[in-house]
Structure formats: C-alpha cells, structure tokens
Amino acid sequence: MPNRLAAETSPYLRQHANNPVDWQPWDDAALREARERDCPILLSVGYSACHWCHVMERESFEDAQVAAQMNAGFVCIKVDREERPDLDDLYMKATQALNRGRGGWPMTVFLTPEGRPFFAGTYFPPRPAHGMPSFPQVLGHVGRLWTQHRAEMEQLGQELTEHVRKAGNLPAGEASAGDWLGPVVQACAEDLDPEHGGFGGAPKFPPHGQLAALLAAAGGGDRQAEGMLRATLDGMAKGGMYDHVAGGFCRYSVDARWCVPHFEKMLYDNAQLVPIYVQAGLLLGEPRWLRIARETLEWGMREMRVPVGAGSGFASSLDADSEGEEGRYHVWAPEEFREGLGVFDGMRAGRLEGVTQDATRESSIHNRTSVIRRE
C-alpha cells in the first residue's frame with residue numbers, strides 16, 4: 001500500500017510513495033508520532049533530479065529488509081529540498097558541522113523526537129564500500145546510541161541546535177562598508193585553482209557568488225580579479241560541465257578540471273550564471289562568453305518550459321538519470337561523430353570535443369579543455 005507521501009504535491013515525495021518505508025511528510029502528525037513513540041526521527045532530504053538520491057532509493061529504500069529496520073526504529077520523514085529550502089538549510093548546516101564541512105544529497109539526518117539533530121551523513125551504500133559503513137550498519141549504530149547513550153545524544157542535539165542558530169545570525173552592518181571587494185578578491189586568490197580556474201579542489205560547483213564579486217572588482221579595474229574571472233569562466237565553459245550540444249551547465253564537476261559532470265541541470269545555477277557571462281563578455285570583449293549565455297538561454301526556453309494552467313512556467317531541474325542511467329544522453333563514442341558528420345569531419349569534431357577511443361567515462365564526454373576557441 002502507498003505510504004503517506006502518495007497524497008503530496010511534490011514529485012520527489014511521490015517518487016517514494018510506494019517504498020516499503022513508512023515515509024511521512026514533515027508535518028505535525030509525523031512529529032507527534034515521534035514524540036508518542038519516543039523514538040528518533042530519520043530525516044531524508046533530497047530532490048527529484050538528484051542521481052544519488054535515486055541510487056539510495058533503489059539500493060535501500062526499496063529493500064524490504066532495510067525498510068523494516070527503518071520502520072521499527074525510527075519515524076521516517078522525507079523532505080523535498082526544493083519545496084522546503086528552510087528545512088534543507090537548517091539541517092544541512094547541522095550535517096556539515098558533524099562532518100567537517102561536508103554535506104550533500106541525499107542528506108540523512110537523525111533527530112531527537114523534538115527535531116534536534118544528533119547524527120548525520122549523506123549517501124550510505126547498502127553494503128560497506130570505499131571506507132563507508134553500510135546503511136543498515138548506520139541504522140544499527142544510531143539505534144544503539146539512542147538506547148544506550150540517550151542523554152549524551154540529547155545533549156549533543158541541544159548543542160548542535162545552538163551552534164546552527166548562532167551560525168545563522170548575521171553580524172551587524174557597519175555604517176560604512178568600505179572596500180568590501182578587496183578582502184573578497186584576496187580570499188578568492190588564496191583558494192584559486194590557477195591551472196583550471198575555480199576555487200578549491202574536486203568536486204567543483206559553479207561559484208556564483210565569487211564570480212559576481214570578481215566581476216564587480218574587474219569592472220573597477222582590478223586586474224587580479226579579472227584574471228581569476230577569465231580563468232574560471234573559461235574553465236567552466238570548456239569542460240564537460242557545460243553541455244556543448246544542448247547548452248546549459250550541469251550541477252557540478254566531480255573532478256578539478258571541470259571535465260566530468262554530475263549530469264543534472266538546475267534552473268537556479270543557470271539563471272545565476274547567464275548574467276555573469278553576459279556582463280563579463282560585454283565588459284571584457286569576449287564574444288565566446290556571450291555565445292555561452294545565448295546557448296544557455298536557448299536551452300532554458302527549449303527544455304525547461306512547462307505548461308502551468310493557461311500559461312507556462314519553468315521546471316526547477318533536469319534529472320541526472322535517463323532510462324535509469326546517469327548521463328546516458330551526454331556520453332559519446334568516436335564512431336557516433338563519424339556516423340553523423342562523415343569520417344573526416346567526425347574525426348576532427350571528436351578531437352575538438354575531447355572524445356577519444358579510450359574506454360573511460362571522461363573520454364566520452366564533450367569538453368574543450370585542450371582548446372579555447374576565439375570567435
């Protein structure tokens with residue numbers, strides 16, 4: 001029988017309506033049940049286009065034995081982060097605090113009956129792998145923590161809740177902000193990847209905020225900011241994170257070279273990147289950035305518009321999976337270029353796009369990391 005998610009409006013929640021897990025939405029009834037059963041809450045947060053959310057569902061949430069373990073020890077609540085960004089932000093801060101700054105989706109958080117987090121992680125495999133415990137092992141461990149060390153877990157939950165509360169308090173604004181761009185540019189310079197652009201190592205997400213600040217500084221004549229802006233905009237546009245066939249940027253790159261993407265596309269990522277590419281292209285006289293912006297807008301109008309009542313709106317994301325496989329329509333083989341363009345043009349296009357005969361994931365994804373095309 002379907003669980004309570006069957007009556008929800010969120011597509012992501014409805015995807016889990018037929019799991020053997022007794023999923024509930026975040027509401028008074030679910031929170032009341034946790035208090036009445038006096039047991040922890042297992043909060044799982046994700047979104048419909050998330051590849052690893054689908055993977056964890058197939059591996060664990062559709063498994064009757066794992067579901068029985070979840071149902072017996074916890075009140076299980078599913079949240080769509082796109083529907084409840086407030087809850088997502090709150091519990092992501094707790095997850096990052098418990099995991100040395102690391103977070104992501106699916107987000108798996110264990111709460112006291114009052115909703116205070118005391119244990120958290122992201123994706124857990126069905127069996128121990130790559131140094132990670134299995135999800136059933138995590139369930140058993142958290143269950144023992146709750147029954148054998150409940151007082152400590154409740155204290156941890158209170159302390160973590162206070163930490164998250166303080167972390168959300170913004171400092172008082174100063175009467176004169178002064179040169180706020182200078183410290184931002186310096187912080188970017190300290191974290192810059194000078195070879196590939198962007199900041200930090202893998203995985204790399206589109207750095208919308210840093211790019212906007214660098215663009216403002218470059219507009220004021222800051223050459224250091226301009227250099228970092230150029231390196232990052234070119235790095236993202238050349239790599240496989242940008243869709244060289246359909247336009248638009250994927251969610252993030254799993255490697256430092258921007259080459260291998262995580263294939264879902266988010267509307268909010270692209271909506272923030274388009275004006276940066278437009279303004280930077282106009283400011284610095286780079287037509288290729290204007291092309292990237294134009295192609296991304298064309299992708300959005302072509303693939304993201306959906307009917308809404310008598311008019312139309314925009315979908316929030318495109319799923320990473322196609323026909324049950326991540327990135328199925330985004331990986332190519334050299335022979336597909338030759339079949340579509342002929343032997344010689346196909347060989348040239350394959351070399352330009354970085355698609356080779358190597359039997360690796362990276363060698364099958366369009367990228368232009370070896371060339372910057374001037375237009």
Side-chain angles (χ1 to χ4, degrees), residues 85-86 88-90 92-93 96-97 100-104 163-239 241-242 248-253 255-258 266-297 300 369 372 374-375:
D86 54 335
D88 176 65
D89 180 65
L90 174 68
M92 182 58 74
K93 286 185 172 68
Q96 291 172 327
R100 300 180 179 180
R102 295 186 66 86
H163 169 79
V164 171
R165 186 189 67 79
K166 290 181 178 179
N169 292 335
L170 296 175
E174 300 177 2
S176 176
D179 179 22
W180 64 271
L181 280 176
V184 174
V185 172
Q186 183 58 38
C188 288
E190 293 173 358
D191 203 29
L192 177 71
D193 179 343
E195 183 176 1
H196 305 113
F199 308 98
K204 279 185 175 176
F205 289 79
H208 319 103
Q210 292 100 315
L211 289 174
L214 293 176
L215 177 60
D222 189 320
R223 299 301 297 272
Q224 183 184 31
E226 178 184 330
M228 290 187 284
L229 181 69
R230 286 182 177 276
T232 303
L233 292 182
D234 273 335
M236 291 195 301
K238 290 188 301 175
M241 199 182 78
Y242 181 71
F249 288 88
C250 294
R251 179 72 179 99
Y252 65 87
S253 172
D255 65 330
R257 297 173 54 232
W258 305 106
M266 313 301 290
L267 186 67
Y268 65 82
D269 280 330
N270 288 278
Q272 292 178 88
L273 288 172
V274 162
I276 292 173
Y277 272 92
V278 169
Q279 294 171 37
L282 294 173
L283 174 68
L284 301 176
E286 296 291 1
R288 66 181 181 277
W289 295 344
L290 300 179
R291 172 181 60 81
I292 294 294
R294 182 176 63 253
E295 292 174 354
T296 300
L297 287 171
T369 54
I372 298 178
R374 294 285 178 180
E375 300 180 4

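Worth knowing before you read on, the calculation uses all heavy atoms, side chains too, and leaves out hydrogens, waters and symmetry mates.
Between the side chain of Glu226 and the backbone N or O of Asp222, no donor-acceptor pair lies under 3.5 Å. Side chain of Lys238 to backbone of Trp258: no donor-acceptor contact under 3.5 angstrom is found.
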- [ ] Let me see the working for Leu211 and Gln272 under side-chain contact (heavy atoms from CB on, under 4.5 Å), right down to the final yes or no.
- [x] CA-CA 10 Å; Leu211 289 174; Gln272 292 178 88; over 6 Å; no
TODO: Carefully, step by step, assess Leu273 and His208 under the rule side-chain contact (heavy atoms from CB on, under 4.5 Å).
DONE: CA-CA 7 Å; Leu273 288 172; His208 319 103; 3.9 Å; yes
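The aromatic ring centroids of Tyr277 and Phe249 lie less than 6.0 Å from each other.
In terms of heavy-atom proximity, Met241 sits nearest to Lys204 at SD-O, 4.2 Å. Ala256 approaches Asp193 most closely through the heavy-atom pair O-OD2, 3.9 Å. When all heavy atoms are compared, the tightest approach of Leu181 to Ala213 is CD2-O, 3.5 Å. The shortest non-hydrogen separation linking Tyr242 to Glu295 is OH-OE1, 2.6 Å. Across Ala212 and Ile276, no two heavy atoms sit closer than the pair N-CD1, 4.0 Å. Nearest heavy atom pair, residue Pro207 against residue Thr232, reads CG-CG2, 4.0 Å.
Atom CZ of Arg230 and atom CH2 of Trp289 lie 5.0 Å apart (nearest 0.5 Å). Atom CD1 in Ile292 sits 9.5 Å away from atom CZ in Arg294 (nearest 0.5 Å). To the nearest 0.5 angstrom, Gln224 atom CD is 6.0 Å from Gln186 atom CD. Note that the CG atom of Leu229 and the CD atom of Glu286 stand 10.0 Å from one another [nearest 0.5 Å]. With rounding to the nearest 0.5 angstrom, the CG atom of Leu214 is 7.5 Å from the CD atom of Gln210. Interatomic distance, CG of Asn270 versus CZ of Arg251, reported as 10.5 Å (0.5 Å rounding).
Taking the side chain to side chain donor-acceptor pair (under 3.5 Å) definition, one finds that Asp191 meets it with nothing, sequence neighbours left out.
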